[in-house]
Amino acid sequence: MNCKLLGGSFTLAGLCAVLCNGTVRAETAAQAASPSSSVSEIIVTAQRRAKSVQTIPETVAAVSGEVLAQEHVKDLFQAVTLAPGVIFSRAPDDGLALTFRGLGTQARPQAFDQSVALFVDGVFIGKGRLYSTSFFDVDRMEFIKGAQSTLLGKNASLGAISVISRQPGDTYSAEASAGYEFEDGGYMLDAAGDLPLGPNVSMRLAAHYNDLNGWVHNDRTGHDGPEHEDLGLRAILRADLTKQLRITALYQYADNRQIGASYQLVGPIPAAYGDGVLDDHTSQFTLATSSGETEHATRSHLASVVGEMQLGKFQLISQTSYVRYDLNNLDDFDFSIDNAVNFGRREKYDQVSEELRLQSPSGGRFDYMAGLFILSSHWNSQEAQMWGVPGFPPAGGPPPGQLFNGPFVNHFVQDSRDYSGFASGSWHISSRLKLSGGVRYSDETKSVVFSRSNSAPITVWNTIANPPFDPTNLSHEGRLWDGNVSLQYDLSPSVMVYGSFGHGSKSGGFVETNTIAVDPSLLVAGKVPPALVAAGSAIKDEYTRTYEIGLKSSLLDRRLRFNIAGFWTDITNFQNTVFTGGPLGFITFNSPVRSRGFEIESAYQITPGFHVDGGLTYADASGVIQPIDPATGALEVDGTGAPILARYSQPQAPKLIFNVGSNYQGRLTDTLQWSIGAILRHRSKMYNQVQQEFPSAQLTTLDLSVGLKQVNQRWAVDLVAKNVTNAISQDFASPSVDPRFGAFYGAYLAGPNSLRTVMLSIRAKY
């Protein structure tokens, strides 16, 4: 960026705005529709009320639906690149690695709850599987950082993501868009419209479909993966039944399919298994699917009814929701041309929830809110692990050729109940000073039936290393107290300082992926007894404390927004998982972790047509664990047998992330407007597994865009090129599930980030 462009307005705050911004292009939609000499105001609902982001004593990054559409964002994996301080990676089996400020749940075990909660139109999404679904016809996405357990509640101990769909309008309208991907191949289609059905009744219908090829070519099958075929349908009906009562009903259906995978073996492997280099090529095959590729399929349903009733000056809000998904995955887990290791996973999930809250009017000396939340869910998971690794260990090892052979099935059924009550309030002590706080109590129970069975061939692998056990009843109850408190002071009408504290919790329970390896002498009739099943799969409740101080300001006649915050987060009993790559398989454990750092967020409207924004997050996230001895695969102990503890950087936690974005628009004619934009993104080096293993090199990407549209927004054409330099790093990495490649060649498993894409789209509104 040429600093001379800023002329005499180039102040220290302006420099920070250019180099270190946070809400990347969150307000660009309003600017695009009507260029202004000031930065537009961002309204969010992070605290269950519509408020300007500049008045909220917490860090919130908002991205508008217009920007999401212009950037061709179809899911959260792509959306998080617009929110600094957020990393969202996908493990080979769709296990998620979602971190805010370097902390988050590493969820290979799908029984884990996420520490960053997801809400879709106010509906809590209780399973990480649905974090990867497509989002479309979105009004905005809000990324809310820090403990948000009082108002948002369940599993918001490290923050929350709120997705708000566009609501029905009062006049007939229709819009559609089509995009074609030139680099990888594929297309996207979207359509939406408003239908007034009568006085005070209207409906919005929206549909989305994409078939987009992946960025890694499978030399064995000739397919480019991961290919994503996504279908989404939504209907929202809004009815003002009386002046005091509004009903909003929503139904959304999604069918998400993935064919192929981006993961590959990296290291000095034989040529038959690939080139061993992190690039856009892999070589893998399985006989378990007709395509010879990994295949994932998820169908989901979301339904919600919201009632808003005005009771004098108060408002009573009720939201009843239902969520369901059915999943069928087949993963080629050896990631080679051999048909050696395949994992098949089937899941069914049902969730019903109800939230009832009473809100006082806002703007008075005291604002308050109180409510109840109830959730009931049922999850049935069956994972078949089909192992057939040839000749490992080799002859001479005990026992030769059997250790990673022999299928078994983990069957896990969980019923959860959550009952919560909460209250919060704000006291305007003076016109400049405000004290806010709240408390929440939750009683959450989990009832589990867990079993493991094996089948021929019966080997050491599925009788000793992964011994079977009969259906075992397990139960966990968490009684959790959480809360938030903040104090904010207006130094002037445009500058606010604040300090806040948040306490959040996440219930423990049991995980379905632990190996539960025990001394063979402890087996009863060849099976693991119930007490050892419980001990081997149990995890404790997780507790989070976050402290934050910050400043928010609107300067230079509202042309510059500049926000800065410092934070410190401590977690007790952090729910962690490590994949050992050996006979111990997955180990789930509790450990203390912390993150400390700062964030800067701003936007600068240099001229009515020239806008700059971006963000910077520095987070030093680390945890204390008992390391694993690489030679033996066992947890390290000293001479007396006591655990050896050490502090390591957290996985998926780069210390530095920053975005810089700029957009310029001008007039071609009285009716035509053109625009050009650029976004530079950078994340520093990060590790992918505990003990600072499997590092990913730093990654810097550049996106460029150019657009042409009518001033009245009737039509628009956009050309967006992402990662134009084809920068590459490991998005996720781990030991190979197939031990031959690590033991014989020192190779491991890794997937590259998305490489260059170039999409042309056309949008029209009527």
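Just so it is clear, the structure is predicted and the values come from calculations on it, not from any experiment. Because only heavy atoms are used, hydrogens play no part in the values below, and waters and symmetry mates are left out as well, while side chains stay in.
A donor-acceptor contact shorter than 3.5 Å links the side chain of T282 to the backbone of Y263. One N or O on the side chain of R234 and one on the backbone of F136 form a donor-acceptor pair closer than 3.5 Å. D224 places no side-chain N or O within 3.5 Å of a backbone atom of E227 that could act as its donor or acceptor partner.
Between the side chains of S262 and R90, no donor-acceptor pair of N or O atoms lies under 3.5 Å. For the 3.5 Å distance criterion, the side chains of S165 and D121 qualify, holding a donor opposite an acceptor. For the residue pair H301 / Y251, a side-chain donor-acceptor distance below 3.5 Å is found, with atom types taken as modelled. Looking at Y322 and D350, their side chains do bring a donor and an acceptor atom within 3.5 Å of each other. E542 and S115 share a donor-acceptor pair across their side chains, judged by distance under 3.5 Å alone. A donor and an acceptor atom, one from each side chain of S420 and D418, are located under 3.5 Å apart. Between the side chains of S353 and S321, at least one donor N or O lies within less than 3.5 Å of an accepting N or O. With 3.5 Å as the limit, one finds a donor-acceptor pair spanning the side chains of Q652 and S89.
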- Item | Stepwise side chain to side chain contact (heavy atoms under 4.5 Å, CB included) test for V116 and I161 | CA-CA 7 Å; V116 176; I161 301 172; 4.2 Å; yes
- Query: Under the side chain to side chain contact (heavy atoms under 4.5 Å, CB included) criterion, do Q264 and H281 qualify, and how do the steps go?
  - Reply: CA-CA 8 Å; Q264 53 200 264; H281 283 265; 5.9 Å; no
- Item | Verdict with reasoning, R129 to L327, per side chain to side chain contact (heavy atoms under 4.5 Å, CB included) | CA-CA 9 Å; R129 292 296 194 191; L327 174 145; 3.6 Å; yes
- Item | Check against side chain to side chain donor-acceptor pair (under 3.5 Å), S761 and H72 | CA-CA 8 Å; S761 66; H72 308 130; 2.9 Å; yes
- Message: Please determine whether side chain to side chain donor-acceptor pair (under 3.5 Å) holds for the pair D139 and Q167, giving the CA-CA distance in whole Å, both sets of side-chain angles, and the decisive distance to 0.1 Å.
- Response: CA-CA 8 Å; D139 181 74; Q167 298 300 300; over 6 Å; no
- Item | Chi angles and distances behind the side chain to side chain donor-acceptor pair (under 3.5 Å) call for T289, E293 | CA-CA 6 Å; T289 63; E293 299 270 5; over 6 Å; no
- I would like to know whether Q114 and L98 meet side chain to side chain contact (heavy atoms under 4.5 Å, CB included); could you show each step before the answer? CA-CA 8 Å; Q114 290 288 318; L98 173 61; 4.1 Å; yes
- Task: Could you check D113 against K506 for salt bridge (charged side-chain N to carboxylate O under 4.0 Å, His left out), going step by step and ending with a plain yes or no?
- Result: CA-CA 7 Å; D113 296 323; K506 182 155 70 81; over 6 Å; no
- Task: Run the numbers on D334 and S336 for side chain to side chain donor-acceptor pair (under 3.5 Å), then give the verdict.
- Result: CA-CA 5 Å; D334 55 89; S336 74; 2.6 Å; yes
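The two residues G623 and V593 have their closest heavy-atom pair at CA-CG1, 3.7 Å. Scanning both residues, H682 and Q698, for their nearest heavy atoms gives CE1-OE1, 3.6 Å. Heavy atoms only, all atoms of each residue included: K446 and G509 are closest at CD-CA, 4.4 Å. Closest heavy-atom contact between N723 and L755: ND2-CA, 3.7 Å. The minimum heavy-atom distance between N410 and E512, with the atom names listed, is ND2-O, 3.5 Å. Here the closest heavy-atom approach between residue F119 and residue A160 is recorded as CE1-CB, 4.1 Å.
Using cut-offs of 30° and 60° for the angle between ring planes, the F333 and F343 rings count as tilted. Between H476 and F510, the ring-plane angle classifies as perpendicular under the 30° and 60° cut-offs. Aromatic ring pairs are classed by plane angle as parallel below 30°, tilted from 30° to 60° and perpendicular above 60°; the pair F124 and F373 is perpendicular. Using cut-offs of 30° and 60° on the angle between ring planes, the pair F100 and F143 is tilted. Using bins of under 30°, 30° to 60° and over 60° for the plane-to-plane angle, the ring pair F694/Y748 lands in the tilted bin.
More than 12 non-hydrogen atoms from other residues, nucleotides or ligands lie less than 6.0 angstrom from CZ of R417.
Between F732 and Q689, the closest side-chain pair of non-hydrogen atoms falls below 4.5 Å. Contact of the T569 side chain with the I571 side chain is registered, since non-hydrogen atoms from C-beta on lie closer than 4.5 Å. Using a 4.5 Å heavy-atom threshold, the side chains of S381 and H411 count as separate. Residues M686 and Q730 are not in side-chain contact: their nearest non-hydrogen atoms beyond the backbone lie 4.5 Å or more apart. Counting heavy atoms from C-beta on, the side chains of D703 and V724 never come closer than 4.5 Å.
Checked against a 6.0 Å centroid threshold, the rings of Y325 and Y349 count as neighbours.
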